[in-house]
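Chain letters run A, B, ... following the sequence lines, proteins first and then strands; every chain starts at 1. These numbers come from the heavy atoms of this one structure, side chains and all, not from hydrogens, waters or symmetry mates.
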There are 2 protein chains.
Amino acid sequence: MSGEIHSGVKLQQQRLSQMLGVSRTPLRTALANLAKEGLLRYESNRGYTVREFSRQDVVNAYAARAVLEGLAAATVARHGLSDEILNELNAMLEIGDRALSKGRLDPDDLDDYRSMNVDFHNRIVAEAQNRWVEDLVRQTQMIPFASNRMIVWQDYPVMVRSHDDHHRLVDAISKRDVTRADFLLREHIYFAGEYLAECLEDGRIPTNSSNTNKE
Amino acid sequence: MSGEIHSGVKLQQQRLSQMLGVSRTPLRTALANLAKEGLLRYESNRGYTVREFSRQDVVNAYAARAVLEGLAAATVARHGLSDEILNELNAMLEIGDRALSKGRLDPDDLDDYRSMNVDFHNRIVAEAQNRWVEDLVRQTQMIPFASNRMIVWQDYPVMVRSHDDHHRLVDAISKRDVTRADFLLREHIYFAGEYLAECLEDGRIPTNSSNTNKE
DNA sequence: TACCCCTGGTTTGGATGCAAAATGTAAATG
DNA sequence: CATTTACATTTTGCATCCAAACCAGGGGTA
């Protein structure tokens with residue numbers, strides 16, 4: 001994830017186990033997990049290699065996430081929200097409002113906004129109560145630059161518009177408008193993917209950004 | 001998958017390894033893989049248990065698969081198809097036509113139809129060239145009764161309608177009609193899920209059906 | 001009688017050793 | 001000189017062994 005090991009290189013188990021100070025057995029389960037998550041490529045009797053991700057892969061991951069979260073939003077809109085959760089969502093919206101209230105993007109506000117954003121999206125997905133959507137969304141983020149922790153904190157109007165999507169989404173959900181909720185979240189995420197790809201293209205984002213999805 | 005081991009039971013590694021005739025090491029990697037696929041639940045230091053699937057889980061899996069394959073169909077429609085692939089799809093449609101040409105459902109035709117159906121859906125998904133969609137769709141099928149090998153071969157009009165969806169989907173894709181392709185496949189799969197759930201509810205399908213997704 | 005703690009057995013997790021497969025190298029052959 | 005083949009080395013995969021964590025049952029105490 002950090003880019004420390006480059007794409008395509010072969011991961012030798014003995015070397016890695018020595019580097020990490022564990023034996024090969026737990027290392028192999030870790031490698032198997034990462035392979036299942038799609039970060040590594042496994043070939044029988046040939047070991048694990050670091051998968052490479054093109055910009056198209058990032059866009060594709062966002063596209064998949066968009067329809068999945070769209071489904072989640074639609075589901076939540078169909079079922080309706082309890083007042084309690086509505087209040088939580090509104091509190092998150094306020095956090096975002098505060099972070100964007102200065103008329104410009106202050107780097108100090110990024111962390112607040114980011115954690116709000118993560119919570120917001122996770123909350124919607126969790127509320128849909130669809131294990132598969134939850135799992136699959138998590139997996140679309142298991143790729144460099146595709147996490148919902150990844151926020152391009154550079155263009156103020158873009159962020160304002162993006163957060164406005166959040167407002168409208170809560171509005172749509174609370175009004176039980178299924179199609180609008182679906183569309184809003186789909187578009188919200190789809191655009192984020194396209195915009196991110198554009199920024200990566202321009203080199204506006206350093207390849208080793210602190211925005212990568214390590215915990 | 002076959003239901004041989006019931007939901008909720010704990011999988012003891014030593015017992016299983018003896019039953020399967022392998023040592024615990026490869027068994028543990030297998031268990032880890034199944035857990036990653038969502039079939040088993042893993043708790044640290046407490047081992048693996050067989051996850052249980054409600055009918056809602058099956059419906060949820062279909063719902064997720066519906067939006068993902070819808071995305072795939074939309075992508076293919078947007079990009080367009082080569083003549084070669086169009087011919088392949090048309091050949092599959094003909095296989096389906098033949099299997100349904102008797103005016104009733106003959107059990108002898110199920111296998112042909114089933115393998116055609118698997119190929120058809122896989123082909124669409126593969127053609128979208130989105131690794132994540134491909135992976136995620138595969139995962140939504142890693143649950144009893146949710147495989148695309150699962151076909152309720154009981155009601156003739158339902159099958160005719162379902163196969164007609166295939167025809168219309170190819171038509172929509174070949175005409176580059178993105179929304180129609182998206183909608184058709186979404187609805188096609190969504191309905192299949194609802195219908196299946198209904199049949200399961202009625203007990204029209206034996207719980208240990210030969211339709212489960214073992215290879 | 002209900003609850004807690006302690007202890008013995010069971011089960012999982014990790015380390016090590018060994019066989020099989022793959023890779024790289026050098027010699028042999030055309 | 002290119003290609004192939006045999007061999008040595010590396011690397012993976014599986015079996016086994018040991019320690020640590022969990023579980024069940026019994027005894028003790030309030």
Worksheet item: Quick one: the side chain of B:T25 and the base of D:dT16, do they pair up donor-acceptor inside 3.5 Å?
Response: yes
Worksheet item: Rounded to the Å, how far apart are A:L16 CG and D:dT12 P?
Response: 9 Å
Worksheet item: Is it true that B:R138 and B:E37 make a salt bridge, defined as a side-chain N closer than 4.0 Å to a carboxylate O?
Response: no
Worksheet item: Do the ring planes of A:Y42 and A:Y48 sit parallel (below 30°), tilted (30 to 60°) or perpendicular (above 60°)?
Response: tilted
Practice prompt. Give a yes or no on whether a donor-acceptor pair under 3.5 Å exists between the nucleobase atoms of C:dG13, that is its base, and the side chain of B:R24.
Written response: yes
Practice prompt. Measure from the side-chain heavy atoms of B:P26 and tell me the nearest of C:dA15, C:dA22, D:dC14.
Written response: D:dC14
Item to complete: Using whole Å, report how far CG of B:L11 lies from P of C:dT11.
Response: 13 Å
Worksheet item: Rounded to the Å, how far apart are B:Q14 CD and D:dA15 P?
Response: 13 Å
Worksheet item: If only side-chain N and O atoms of B:Q12 are considered, is one of them under 4.0 Å from the OP1 or OP2 phosphate oxygen of C:dT11?
Response: yes
Worksheet item: Crowded around B:Q56 CD? As in, over 12 foreign heavy atoms under 6.0 Å?
Response: yes
Discussion item. Checking contacts here: which listed nucleotide (C:dT23, D:dT12, D:dC22) is nearest the side-chain heavy atoms of B:N45?
Written reply: D:dC22
Worksheet item: Does atom CZ of A:R41 have more than 12 heavy-atom neighbours, drawn from other residues, nucleotides or ligands, at distances under 6.0 Å?
Response: no
Worksheet entry | d(CD, A:E43; P, D:dT12) in whole Å | 12 Å
Worksheet item: OP1 or OP2 of D:dG13 less than 4.0 angstrom from a side-chain nitrogen or oxygen of A:Y48, does that happen here?
Response: no
Worksheet item: Counting just side-chain N and O atoms, does B:R28 come under 4.0 Å of either OP1 or OP2 of C:dG13?
Response: yes
Worksheet item: So, is B:Q13 close to the C:dT10 phosphate, meaning a side-chain N or O under 4.0 Å from OP1 or OP2?
Response: no
Fill in: Nucleotide D:dG13, atom C1' - distance to CG of B:N33 in whole Å
14 Å
Discussion item. Parallel, tilted or perpendicular, judged at 30° and 60°: which one describes the rings of B:F120 and B:H166?
Written reply: tilted
Worksheet, complete the sentence: Separation of C:dT12 atom C1' from B:L31 atom CG, nearest Å, is 11 Å
Fill in: Nearest-Å distance for atom pair CZ/P, residues B:R15 and C:dT11
9 Å
Discussion item. Please report the distance, rounded to the nearest Å, between CD in B:Q18 and C1' in C:dT12.
Written reply: 15 Å
Practice prompt. Could you check whether A:L27 gets within reach of a base, just the sugar-phosphate, or nothing at all, counting any heavy atom under 4.0 Å?
Written response: nothing
Worksheet item: Would you say D:dA15 has OP1 or OP2 under 4.0 Å from some side-chain N or O of B:S23?
Response: yes
